[in-house]
Structure formats: C-alpha cells, structure tokens
Undergrad: 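One structure is given below, represented as structure tokens, and several questions about it will come after.
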There are 2 protein chains.
Amino acid sequence: MNNYSNDKMNFADENELYDLAELFKVFGDSTRIRILSALYGRECCVQDIADGLKMTPSAVSHQLKILKQSKLVGNRREGKQIFYFLADDHVRSIIAIGLEHLRE
Amino acid sequence: MNNYSNDKMNFADENELYDLAELFKVFGDSTRIRILSALYGRECCVQDIADGLKMTPSAVSHQLKILKQSKLVGNRREGKQIFYFLADDHVRSIIAIGLEHLRE
DNA sequence: TTATCATTTGAATAATTGTTCATATGTTGA
DNA sequence: TCAACATATGAACAATTATTCAAATGATAA
C-alpha cells in the first residue's frame with residue numbers, strides 16, 4: 001500500500017478544501033459505500049447492484065449518478081446494460097485506509 | 001447471472017461498511033475539513049481554530065467533539081487551553097489522497 | 001413499427017445535521 | 001473565596017439529502 005504519511009497538503013486553498021469535503025461527502029453514505037464495495041473487485045450493472053444490496057434500481061441509479069459526477073466510478077454500455085466500475089486506485093486507497101483506521 | 005454476494009468484496013461486512021460511511025461522513029463537512037487542514041501541520045487550541053476559520057468557539061467545539069469521537073484528532077490540556085492535533089497518519093493519508101483525486 | 005427490458009430522471013417526502021444562542025463546566029491567579 | 005478566561009453542552013431552527021414513486025429515455029429483437 002502507498003504511504004502518504006509524509007506528503008504535504010501542498011497549500012490547499014479554501015475552494016479546494018470545500019471540494020475535498022464534497023468528495024468525502026460522497027463516500028459518507030452507507031448506500032454509496034456499499035456500492036463502491038460491490039465494485040471493488042469487479043464491474044457490475046445496475047441491476048446486479050440493486051439485487052445485491054436489496055434496493056430499487058432507481059435508488060441505485062440516483063447514487064451511481066453522484067458517484068460518477070465525483071469521478072469515483074466510470075461506466076460502459078453493453079447492450080441494454082450499463083456496467084459500472086471503480087474509476088481508479090484513489091478510490092480503493094481511500095476505502096482501504098479508512099478501514100485501517102476503523103480496525104486499529 | 002451476476003452474483004457477488006458470496007465471494008468478492010468480503011473484505012468488509014455490512015456493519016463495517018456502515019462504520020466506514022460514518023467515518024467519511026466526518027470528513028465530508030467543509031468546516032471539519034478546514035479544521036483538519038488547520039491541524040495538518042501543527043496543533044491548535046480551540047480559539048486558534050475559531051480565529052483562523054472565523055467561527056465561534058462553540059461551533060468549533062461541536063465539530064472537534066465529532067472529530068475526537070471518530071479518533072481523527074486527539075487533544076491535551078495546557079492550562080486553560082486545550083490543544084488539538086491530528087490523531088495519526090491515516091488522517092493525513094486520506095486527505096492527501098483525496099486531494100490527489102481532485103487534482104487529477 | 002411494437003414490445004420489452006434496463007436504466008435514468010424529476011418531484012415529493014422524511015430524516016439527518018451544522019450553526020446559533022444561552023448556559024454550564026473547568027482552570028488559573030488574585 | 002471570587003473573577004476572568006477557555007471550552008463544552010443542550011435545545012431549536014434551517015438547510016441538506018436519500019429514498020420512493022411515477023414517468024421518461026435508450027437499446028434490442030421480432
């Protein structure tokens with residue numbers, strides 16, 4: 001795992017801190033975290049996620065839209081289905097470090 | 001069809017994911033992120049933070065309590081003042097990676 | 001085209017939450 | 001002891017937001 005412990009904040013200004021809070025707000029919902037968790041190892045279509053989390057496709061779609069806007073997930077169409085996947089390793093790192101914190 | 005419920009993503013169970021969302025919820029507020037930012041390089045007492053962020057000590061104290069409960073900050077008393085500081089490098093890492101994500 | 005499946009969208013409701021204000025607690029020095 | 005300062009707490013209000021429901025869009029095959 002990457003070690004960011006010596007990184008500086010590199011002069012984050014007020015606007016950037018605001019955006020940062022908005023980013024974590026996206027992680028800060030149990031439904032969205034469960035969706036990200038479902039996508040951690042593999043891509044899934046909306047119905048997969050809805051089935052797995054026992055939610056309506058509509059509710060899942062609403063949250064996927066938010067995750068996409070924050071660039072935490074990407075998607076690709078395959079016929080009628082749209083598959084979603086984690087956007088990059090930042091997402092995995094943030095989740096992994098969060099879990100480390102909880103498990104201490 | 002796709003069923004991920006019994007194999008992947010068992011790195012965290014439902015309860016842990018709920019706690020994880022609660023953790024990120026703490027990061028997901030601009031006031032608290034600004035407080036963490038203020039504490040990134042040095043410890044501060046409540047009044048320092050209130051002055052720096054142009055907030056009332058009461059509002060700062062409310063948020064510091066939440067940060068403390070999530071173990072994102074620690075504190076120590078020095079006379080009348082109570083100094084707060086970032087609890088550990090997980091906090092710095094999460095902030096640093098979040099900023100990286102924004103800056104991409 | 002039409003039917004059907006998969007997903008998205010918009011509006012409304014319900015629940016959560018950050019700030020303010022007033023008050024309380026805790027610490028120090030006179 | 002008291003007074004002054006620093007911080008914490010509780011209640012109430014205002015703003016935000018996740019889910020539901022109904023309807024719309026997009027894609028495929030007959």
Side-chain angles (χ1 to χ4, degrees), chain A residues 14 17-39 42-85, chain B residues 1-4 14 17-39 42-85:
Chain A
E14 286 288 313
L17 291 176
Y18 182 84
D19 292 340
L20 190 58
E22 290 301 302
L23 176 65
F24 288 126
K25 209 170 285 186
V26 178
F27 284 94
D29 173 76
S30 58
T31 293
R32 287 189 292 263
I33 278 284
R34 287 161 72 221
I35 291 175
L36 293 175
S37 162
L39 300 177
R42 58 187 289 197
E43 61 180 15
C44 297
C45 68
V46 178
Q47 192 60 54
D48 289 340
I49 300 169
D51 292 344
L53 305 188
K54 296 190 173 58
M55 295 179 59
T56 64
S58 175
V60 171
S61 180
H62 276 294
Q63 300 310 323
L64 283 171
K65 182 176 188 176
I66 293 170
L67 290 167
K68 181 111 191 282
Q69 285 171 336
S70 300
K71 300 192 198 315
L72 301 188
V73 304
N75 63 16
R76 66 180 180 84
R77 180 177 281 280
E78 188 176 306
K80 296 179 194 170
Q81 302 179 114
I82 298 183
F83 283 87
Y84 283 82
F85 47 86
Chain B
M1 165 74 112
N2 293 320
N3 178 355
Y4 53 78
E14 286 289 312
L17 290 176
Y18 182 84
D19 292 340
L20 190 58
E22 290 301 304
L23 175 64
F24 287 126
K25 208 170 287 186
V26 177
F27 284 94
D29 173 74
S30 58
T31 293
R32 286 189 293 263
I33 279 284
R34 286 162 72 222
I35 292 175
L36 293 174
S37 162
L39 299 177
R42 64 183 179 91
E43 61 181 14
C44 297
C45 69
V46 178
Q47 192 60 54
D48 288 340
I49 300 170
D51 291 344
L53 306 188
K54 296 189 172 62
M55 296 179 57
T56 64
S58 174
V60 171
S61 180
H62 276 296
Q63 300 310 324
L64 284 170
K65 182 176 187 178
I66 293 172
L67 291 167
K68 182 111 192 281
Q69 285 171 335
S70 301
K71 300 191 199 314
L72 301 188
V73 304
N75 64 16
R76 67 179 179 84
R77 181 177 279 279
E78 189 176 306
K80 295 180 194 169
Q81 303 181 111
I82 298 183
F83 283 87
Y84 283 82
F85 47 85

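Chain letters run A, B, ... following the sequence lines, proteins first, then strands; residues in each count from 1.
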Undergrad: Write down the distance between CD (A:Q81) and C1' (C:dT7), rounded to a whole number of angstrom.
TA: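 Answer to the nearest Å: 10 Å.
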Undergrad: If I take atom CD in residue A:Q69 and atom P in nucleotide D:dA18, what distance separates them, rounded to the nearest angstrom?
TA: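 Rounding to the nearest Å, CD of A:Q69 and P of D:dA18 are 12 Å apart.
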Undergrad: Nearest 0.5 Å, what's the CZ-CG distance between A:F27 and A:L23?
TA: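 Between A:F27 CZ and A:L23 CG, I get 5.5 Å after rounding to 0.5 Å.
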Undergrad: Name the nucleic acid region contacted by B:Y84, choosing base, sugar-phosphate or nothing; use a 4.0 angstrom heavy-atom cut-off, strictly under.
TA: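 Counting heavy atoms under 4.0 Å across all strands, the contact made by B:Y84 is with sugar-phosphate only.
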Undergrad: Whole angstrom is fine here: how far is it from CD1 in A:I82 over to P in D:dT25?
TA: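 Roughly 15 Å, once rounded to whole Å.
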Undergrad: Kindly indicate whether the side chain of A:T56 and the base of D:dC21 share any N or O donor-acceptor pair separated by less than 3.5 Å?
TA: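 Absent.
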Undergrad: Just to be sure I understand the rule, does B:S58 reach a base, reach only the sugar-phosphate, or reach nothing, if contact means heavy atoms closer than 4.0 Å?
TA: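 It contacts base atoms.
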Undergrad: Base, backbone or nothing for each nucleotide of nucleotides 23-30 of chain C, written B, S, -, heavy atoms under 4.0 angstrom, 5' to 3'?
TA: ---SBS--
Undergrad: Just list the side-chain donor-acceptor pairs under 3.5 Å for residues 57-76 of chain A, sequence neighbours left out, or say none.
TA:
{"from": "A:Q63", "atom 1": "OE1", "to": "A:R32", "atom 2": "NH1", "distance (Å)": "2.6"}
{"from": "A:S70", "atom 1": "OG", "to": "A:I66", "atom 2": "O", "distance (Å)": "3.3"}
{"from": "A:N75", "atom 1": "ND2", "to": "A:Y84", "atom 2": "OH", "distance (Å)": "3.4"}
{"from": "A:R76", "atom 1": "NE", "to": "A:E43", "atom 2": "OE1", "distance (Å)": "3.2"}
{"from": "A:R76", "atom 1": "NE", "to": "A:E43", "atom 2": "OE2", "distance (Å)": "3.2"}
{"from": "A:R76", "atom 1": "NH1", "to": "A:E78", "atom 2": "OE1", "distance (Å)": "2.7"}
{"from": "A:R76", "atom 1": "NH2", "to": "A:E43", "atom 2": "OE2", "distance (Å)": "2.3"}
{"from": "A:R76", "atom 1": "NH2", "to": "A:E78", "atom 2": "OE1", "distance (Å)": "3.1"}

Undergrad: A:Q47 has an atom CD; how far is it from atom P of C:dT4, in whole Å?
TA: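 Distance, rounded to whole Å: 18 Å.
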Undergrad: On the nucleotide D:dA8, are OP1 or OP2 found under 4.0 Å from the side-chain N or O atoms that B:K65 carries?
TA: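 Answer is no, no contact under 4.0 Å.
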Undergrad: So, is B:S61 near the phosphate of D:dA6, with a side-chain N or O under 4.0 Å from OP1 or OP2?
TA: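 No, B:S61 has no side-chain N/O under 4.0 Å of OP1/OP2 on D:dA6.
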Undergrad: Mapping B:A59 and A:M55 onto DNA chain D by nearest heavy atom, which one lands closer to the 5' end?
TA: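 With B:A59 and A:M55 compared, the 5'-side residue is B:A59.
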Undergrad: Just by distance, do the side chain of A:R77 and the backbone of A:G79 share a donor-acceptor pair under 3.5 Å?
TA: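 A pair under 3.5 Å: yes.
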Undergrad: Would you say D:dT19 has OP1 or OP2 under 4.0 Å from some side-chain N or O of A:Q63?
TA: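 Answer is yes, contact under 4.0 Å.
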Undergrad: So what does B:K68 hit on the nucleic acid, given a heavy-atom distance under 4.0 Å: a base, only sugar-phosphate, or nothing?
TA: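 No contact at all - B:K68 keeps every heavy atom at 4.0 Å or more from the nucleic acid.
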Undergrad: Hey, which of these two, B:D29 or A:N75, hits DNA chain C nearer its 5' end, going by closest nucleotide?
TA: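 Taking each residue's closest nucleotide, the earlier one in sequence belongs to A:N75.
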Undergrad: For A:D48 and A:C45: C-alpha separation, side-chain torsions, deciding distance, then whether side-chain contact (heavy atoms from CB on, under 4.5 Å) applies.
TA: CA-CA 5 Å; A:D48 289 340; A:C45 68; 3.4 Å; yes
Undergrad: Hey, is B:H62 stacking on D:dT9? Ring centres under 5.5 Å, planes under 30°.
TA: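 The ring of B:H62 is stacked on D:dT9.
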Undergrad: Heavy atoms only: give me the nearest B:Y18-A:S30 pair and the separation to one decimal.
TA: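 Reported closest heavy-atom pair: CD1-CB, 4.1 Å.
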Undergrad: Rounded to the Å, how far apart are B:R32 CZ and C:dT19 P?
TA: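 Those two atoms, CZ and P, are 8 Å apart.
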Undergrad: Closest to the A:K25 side chain: D:dT7, D:dT17, C:dT8?
TA: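 It is D:dT17.
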Undergrad: Whole angstroms only, please: what is the CD1-P distance between B:I33 and C:dT17?
TA: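 Result: 17 Å.
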Undergrad: For B:E22 and C:dT17, what is the distance between atoms CD and C1' respectively, to the nearest whole Å?
TA: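 Result: 12 Å.
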